[in-house]
Novice: 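Got a structure for you, questions after.
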Amino acid sequence: MLGFLFGRQTGLDDPLRLKRAESTRRALCLELNPDRNVERIHGNGINTIDIEVIEGRYMLSGGADGVVVIYDLENHSRKPHYTCKAVCTVGRSSRHVHKFSVETVQWYPHDTGMFISSSFDKTMKVWDTETLKPAEIFQFVENVYCHQMSPIARKHSLIAVGTKNPKVQLCDLKSGSCIQVLQGHRGEVLSVKWSPRYEYILATASTDSSVRLWDVRRASGSLFTLDQFNGDPSKSSSEAANTAHNGRVNGLCFTGDGLFLLTTGTDDRMRLWETATGKNTLVNYGKVVNESRKGLKFAVSQGCSLEFAFVPCGSSVAVYAVHSGELVTMLKGHYSNVDCCEFHPDYQELYSGGKDSNILAWIPTPRPPDIEEEQDSKKGGSQVALNPAFEDAWSSSDED
Amino acid sequence: MDHTQRERLSALVEELTTSGEPQLNPSKMKDVKKICKTSSDYIDHFYHLIMRQLAQEHAEIRFSALQMVNELFSRSHHFRTLLVSNFQGFLELTVETDPEQPLPPPREVARKLKILAIRTVEEWQASYGEAYKKLALGYHFLKQIKKVDFHDVQARTQAERKRQEEKQKRLERLYKDKVDKATKEMEESFQEIQESLTEIHSCLKLLAPHPVEFNLGDLEPAVASQTEQSTGPEHRGKATASAVDEEQPCCSKDLGSIRDEDEAEEENSEEDSDMEELPEEDAFIRHTGLMSYKYSLDLDLSADLKVKESEENEAVVNTVRDLHRLINTKHLPAVRSWVQVFTKAGVDQQLLRRAVDLRTSLEEALRRHDELHIEYRERERRVMKAAAEGEEDEDDFEEVPEKEGFEPHIPDHLRAEYGLEPLASSSSSSSSSLLKSVPAPGPAPPQMSKRRISEEEQDPTCAAATLRVLRERFPSARLSSGPCGNGKEMPSEERGKAPVVPFGLDLYYWGEEQPTAGKIIKNTSQHQFWVPHEVEEEVENEELSAQAKSRFITFSGSFQPVKHKCGAPMSNGSLCERQDRVKCPFHGPIIPRDELGRPRNPEDAARLEQERMRREEEQPDWRDPELMRDIEAATGEDLGSSKTFGKKGSKGKGKKRKYPNLTDLKQDANTSRSRLERKVFNKSSIRRVTDAMNRLDKRKHEKFSNQFNYALN
C-alpha cells in the first residue's frame with residue numbers, strides 16, 4: 001500500500017494502478033458487516049436488484065411479491081451503523097404494482113428519473129421515479145423473464161425482452177412499441193444482455209442450452225451461437241446446433257470491458273467466452289451449483305486488476321477469479337437460495353438478494369489499523385469499548 | 001495443543017452425545033468446558049467434533065450435541081463466531097429448515113430437539129443477536145420465512161404460566177372461601193365452645209378438683225377421719241392395693257372383685273364420693289362385721305353405693321359425658337379443620353393463634369377428662385341401663401323403690417327385685433376381674449325367662465296361658481307336638497337342600513301311569529285301493545316311554561379353586577407364584593416344595609437335577625459364563641450370565657451395539673410389515689417366483705403355439 005502511495009506520489013505510477021490495487025484488495029475481503037443493514041421491505045424472495053450508475057446511490061429491488069423498492073445506499077448519518085432506508089416503494093397497496101413476481105428491474109442508464117421493471121404478469125413497465133407511476137406499459141403474451149436496456153447506447157433506446165416465447169423482442173422507448181423480433185432460439189429466453197462495448201451487440205441465453213449473439217441491426221438472424229466445444233465435431237452432439245451448456249442457460253454477464261462473456265447453466269458449469277470470436281476459453285470454474293429455473297443474475301467486478309465474478313450458488317455467493325477460474329471465497333449469509341447479486345463499482349460493495357427476503361450488504365473489511373495508530377489510540381484512551389457479547393464468559397464454576 | 005487432552009475431549013464429546021439421556025452429565029460437561037477453556041484450539045476441535053455429531057442421523061445424538069453447543073455458546077466468543085459462520089448448517093441440522101433434510105428418528109426426540117433448538121436460537125438472539133449479524137439474520141429467517149412462531153413457544157410458556165396463575169388464583173379463592181367460612185364458623189361457635197369448655201372444666205372440678213387444690217382442701221377431712229395419712233393419690237393407690245391384697249381371703253367374692261375394680265380405677269374420681277359415703281361405709285362395716293379392715297372401707301366405693309351418690313352427682317356426670325361427647329365429635333374436629341385451613345391458607349397469625357389456643361384448651365379438657373377416667377364408668381352405667389331397659393321391658397322392676405343401705409350379697413332370686421342384677425352383669429362384662437368372680441349373672445337370665453313364662457302362664461289373658469291349658473288337656477298332643485313341629489320344620493330345611501330342576505315331561509307325568517307314552521301311531525294309507533297288506537298301527541317305543549319317566553342330569557362337578565402355588569425358585573430370589581392346577585408352563589409339573597422352593601420328594605429332586613444337567617449340556621460352548629461376566633462388567637449390560645439356561649439370541653446382540661444408551665433405530669423397523677417385506681421381497685424368493693411364472697408362460701406358449709393370439713405374447 002505504501003509502495004503504491006509512494007509511486008503515486010512520485011508520479012511513477014498510473015493513477016489507475018493504485019485504484020485498481022486497492023479495489024482488488026477491497027473486493028477480496030468482502031464480508032457481512034453488522035453495521036450495514038438493508039431495510040426489510042419485501043415480504044418474499046428478492047429476484048433482482050440494480051444499482052444506478054449515475055450517482056451510485058440508489059438501488060432498485062424487485063421481489064417475488066411484485067413489490068419494487070428503491071433504497072438509498074449512502075450513509076449520511078456519520079455513524080458506522082447504517083440501515084439502508086427504502087426511499088420509496090411500489091407496494092402492494094399501489095394501483096400500479098406488478099401483479100406477480102418482478103423478475104428484472106433496471107435503472108434507465110442515463111438518469112435516475114426512470115426505471116424499468118418486468119414481471120411474470122406479462123408486462124414490462126417503465127416507471128417515473130418521481131411519481132412512481134408507470135409512464136409506459138408494454139404488454140406481452142407470455143411471462144417476461146428478463147429485459148435489458150443497453151447501458152451505453154446513444155443511438156437507440158431499445159429494450160431487449162426475453163419471454164417464455166423463443167423470440168427475443170426489442171421494444172423501443174421512443175415509439176413505445178415492440179419494433180423488432182429476433183428469431184433463432186427454440187426455448188424460453190432466460191437472460192438477455194447488451195454488450196457494454198458495442199451498443200448493437202446483444203447476447204441472449206435460452207433453455208435450449210444455446211447462447212446467441214446478435215447484432216440488432218441485422219434482421220436475418222444471430223451473429224453466431226456459442227459452442228462449448230469450439231467447433232470440434234467429435235465432441236459435439238449429433239444435432240447441428242451448437243450448445244453453450246448441457247442444460248438450460250440461465251445467466252449471462254459481460255465483463256466490464258465487454259470482451260468476455262460469462263454464462264451459467266443448469267449443468268452446474270460456468271463458462272467464459274470471448275465475445276469477439278465466440279470462442280470458449282475453457283476456464284474451469286469447477287462446479288457452480290445452479291438450480292434456478294429462472295434467470296440468474298450475477299455480477300462481475302469492475303475496476304479491479306483481477307476481475308471477479310460473484311455468482312449465487314445455493315445459499316451463498318461464490319466469488320471466482322474470472323480469468324483463472326479460481327474460487328476465491330464463498331460469502332455465506334443467506335439462509336435460502338440467493339437469486340441475484342449486484343456489485344457496486346465505486347465502493348466495491350456487493351449486494352445480494354435471496355429467497356429469504358434479505359438483501360445483504362457485503363462490505364470490504366476496513367484495513368486493520370497500523371500498529372503505531374493503535375498505540376496512539378491507546379494513549380489517547382479513545383479505544384472503542386469492545387462489544388460485551390464478544391467477550392468470553394467462562395463461569396468460575398468451571399474452574400474446579 | 002496437548003494430544004492427550006485432545007483425545008480426551010473427543011472421547012468426552014462422544015460419550016456425552018451418545019449417552020441418550022435427556023440431560024447432560026454435569027461432571028463430564030464440566031470437564032469439557034475445562035478443556036475448552038484452556039485454548040481456542042480446543043474450541044476449534046470441539047466445534048468440529050460437535051458438528052460431526054450434529055450431523056449424525058440420530059435425534060438423540062443431535063439433542064445432546066445441541067445441549068453441549070448451548071453450553072459453550074454462552075461461554076466462548078470463539079465458539080460463537082465459529083458456529084455463527086455456519087449457522088445455516090446448524091439450523092438445518094437442528095430446526096429442520098431444509099425440508100429435504102428432515103430430522104432423523106426417533107420422532108419423539110426429534111420433536112423435542114426442534115423445540116429446544118428454536119428456544120435456544122431465540123435465547124441466543126436475545127443476548128447475542130446484535131453482535132452477530134448472521135445470528136440475527138438466522139433468527140429473522142426462521143421467523144419470517146420459515147414462519148417459525150417464536151411467539152408460539154413463548155405463548156405456550158405464557159399460556160402455561162397463565163394457567164398456573166389461574167390455578168393459583170383459584171386455589172387462593174378456594175382457600176379464602178374456606179377461611180371465611182371457617183372464620184365465620186369460629187365466630188359463631190366460639191362462644192359455644194367456650195361455654196362448653198368452662199362447663200366441662202367446672203364439672204370436672206366438681207367431680208374431682210385438680211390434684212393441687214384437692215390435696216389442700218377437700219381431702220382434708222377424709223384423711224383426717226381415716227387412718228390413712230397419705231398425701232398423694234399414687235401413694236394412696238398403693239395403700240389401697242395392699243389393703244385389698246390383705247383382705248382378699250376373708251372378703252366375700254363380690255367385694256373383692258369390686259375392690260379390684262376400684263384399684264384399677266383412678267382414685268381421684270372416687271375421692272369426693274368416698275367422703276360422702278362415709279356413713280354408708282359404716283353401715284357396711286356393721287353389716288359385714290369386718291371391723292378390723294375399717295381403713296380399707298373408704299376405698300371400696302362400690303357401684304352399689306353410687307346409687308345414692310348418683311342422685312347428687314349424676315347430673316354433673318351426665319353433663320360431663322354429654323360435653324365430652326360434644327367436644328369429641330363436634331368441637332374438636334371443627335377446630336382442627338379450622339387450624340388446618342388456616343395453616344394452609346396462611347392467614348394472619350392472630351386468627352391462627354386463636355384457633356390453636358382453642359384446640360389446645362379443648363384437648364386439655366379432654367385430657368383431664370381422660371385422666372379422670374370418668375367417662376369409662378359413666379358410659380358403662382349408661383349402657384347397663386339401656387341394656388336393662390331393653391332386656392326387661394315387660395317387668396316393671398325398676399319402678400320398685402331402691403332399698404336404702406348396702407346389701408353385700410343379694411340372693412339370686414331377689415336380684416331382679418332389687419333391680420341390681422343387670423348392673424352387676426353388665427359391669428362384670430366390662431371388667432374382666434369382676435366377670436370371673438361374680439357367679440350370679442350367668443344363670444340369672446334363664447331363670448328370669450322361666451319365671452316370666454310361668455308368670456305369663458298364670459295370666460289368663462295371655463296366649464301362653466291358653467297354651468298351657470291346652471297342653472295340660474292334651475298331654476299326648478304335647479308330646480307329639482315336638483316331633484310334629486319338627487316334621488313341619490324339616491321339609492323346609494330339605495327344600496333348601498333339594499336341587500331345582502327345570503320343568504320337564506317327567507315332572508308333568510310325575511307319579512302317573514301314562515297310557516300313550518312311547519307309542520307311535522302309524523297312519524294307515526289313505527289310498528283307495530293300494531293298502532299295505534299288513535299294517536301295524538301302533539308301535540311302542542320303549543326308549544320314548546322311558547324318556548317320559550326319566551331325566552338326564554349332567555353332572556359336571558363344581559369348580560374348585562387351586563390352592564397350591566408352583567413355588568419353584570426363580571432367578572430373582574422369589575418363588576414362582578403361578579397357580580396352575582397340574583403343570584406350571586415355566587417350571588414343569590407342580591410338585592410339593594418346601595419354603596425355599598426345593599422339591600420335597602427326593603425323586604423329584606433327582607429328576608429336576610437331571611433335566612438341568614441336560615439343559616446345560618445343550619448350551620453352546622461359546623456362552624462361557626466367565627467370558628460373559630467379563631463382557632458384562634465391561635459393557636455394564638446384563639447379558640444374563642447369571643442365568644444358566646434359556647435362549648440368548650437377542651441379548652447377545654447387545655454387545656455388538658456401539659452405543660447401548662441410544663434408542664435403536666433399527667428396532668423401529670422391526671414391524672410385521674417389514675418382516676413380511678423381508679421375506680416377500682427377498683431376492684431369492686423373487687427369483688423363484690419369477691422363474692415359476694416364466695415356466696408357466698413358456699408352457700402356455702408351447703401348448704398354444706399354433707394359436708396366433710397366444711403366440712404373440
Side-chain angles (χ1 to χ4, degrees), chain A residues 31-46 63-65 80-83 291 313-317 329-339 352-363 365 384-400, chain B residues 26-40 42-43 71-92 95 97-100 121 124-148:
Chain A
E31 64 160 29
L32 200 58
N33 196 323
D35 289 336
R36 185 69 68 91
N37 290 321
V38 181
E39 205 176 340
R40 279 195 194 84
I41 302 290
H42 292 282
N44 221 322
I46 289 160
D65 49 357
H81 190 82
Y82 177 64
T83 302
E291 284 160 350
C313 189
S315 66
S316 50
V317 178
T329 180
M330 299 284 274
L331 304 176
K332 288 183 176 175
H334 282 282
Y335 284 86
S336 191
N337 280 355
V338 184
D339 281 330
S352 63
K355 285 205 173 66
D356 57 359
S357 76
N358 282 330
I359 298 178
L360 297 186
W362 304 86
I363 311 293
T365 24
V384 186
L386 203 64
N387 190 328
F390 290 141
E391 285 168 9
D392 284 0
W394 295 103
S395 59
S396 54
S397 65
D398 302 330
E399 303 260 355
D400 45 16
Chain B
S27 64
K28 282 181 187 167
M29 195 58 220
K30 199 170 264 182
D31 283 352
V32 170
K33 282 187 269 187
K34 217 160 65 187
I35 296 173
C36 286
K37 195 183 172 181
T38 48
S39 159
S40 58
Y42 291 120
I43 292 181
E71 290 274 337
L72 249 80
F73 193 89
S74 58
R75 288 186 168 76
S76 164
H77 167 61
H78 186 65
F79 186 73
R80 283 196 286 270
T81 32
L82 281 175
L83 188 76
V84 163
S85 71
N86 189 18
F87 207 61
Q88 292 99 325
F90 174 76
L91 288 185
E92 270 170 18
V95 194
T97 48
D98 188 358
E100 279 165 23
V121 168
W124 290 350
Q125 159 71 11
S127 41
Y128 306 106
E130 283 175 22
Y132 298 91
K133 177 102 188 263
K134 274 188 75 176
L135 179 58
L137 284 174
Y139 177 75
H140 283 285
F141 169 68
L142 283 181
K143 196 168 167 182
Q144 285 171 353
I145 308 303
K146 287 292 158 190
K147 309 287 183 208
V148 168

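For the numbers below, each heavy atom of this structure counts, side chains included, while hydrogens, waters and symmetry mates do not. A note on names: the letters A, B, ... follow the listed sequences, proteins ahead of strands, and every chain is numbered from 1.
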Novice: Give the intermediate values and the outcome of side-chain contact (heavy atoms from CB on, under 4.5 Å) for residues A:D356 and B:L137.
Specialist: CA-CA 9 Å; A:D356 57 359; B:L137 284 174; over 6 Å; no
Novice: Relative to chain A, which segment of B:F79 carries a heavy atom at a distance below 4.5 Å: side chain, backbone, both, or neither?
Specialist: neither
Novice: Keeping the roles fixed (side chain from A:Y335, backbone from B:K134), state whether a donor-acceptor pair exists under 3.5 Å.
Specialist: yes
Novice: For A:E39, I'd like to know if atom CD has over 12 heavy atoms of other residues, nucleotides or ligands within 6.0 Å.
Specialist: yes
Novice: Can you tell me how far CD of B:Q88 sits from NZ of A:K332, rounded to the nearest 0.5 angstrom?
Specialist: 7.0 Å
Novice: Measuring heavy-atom distances to chain B, does A:N358 have an atom under 4.5 Å in its side chain, in its backbone, in both, or in neither?
Specialist: side chain
Novice: Do any N or O atoms from the side chain of B:K133 and from the backbone of A:R36 form a donor-acceptor pair under 3.5 angstrom?
Specialist: yes
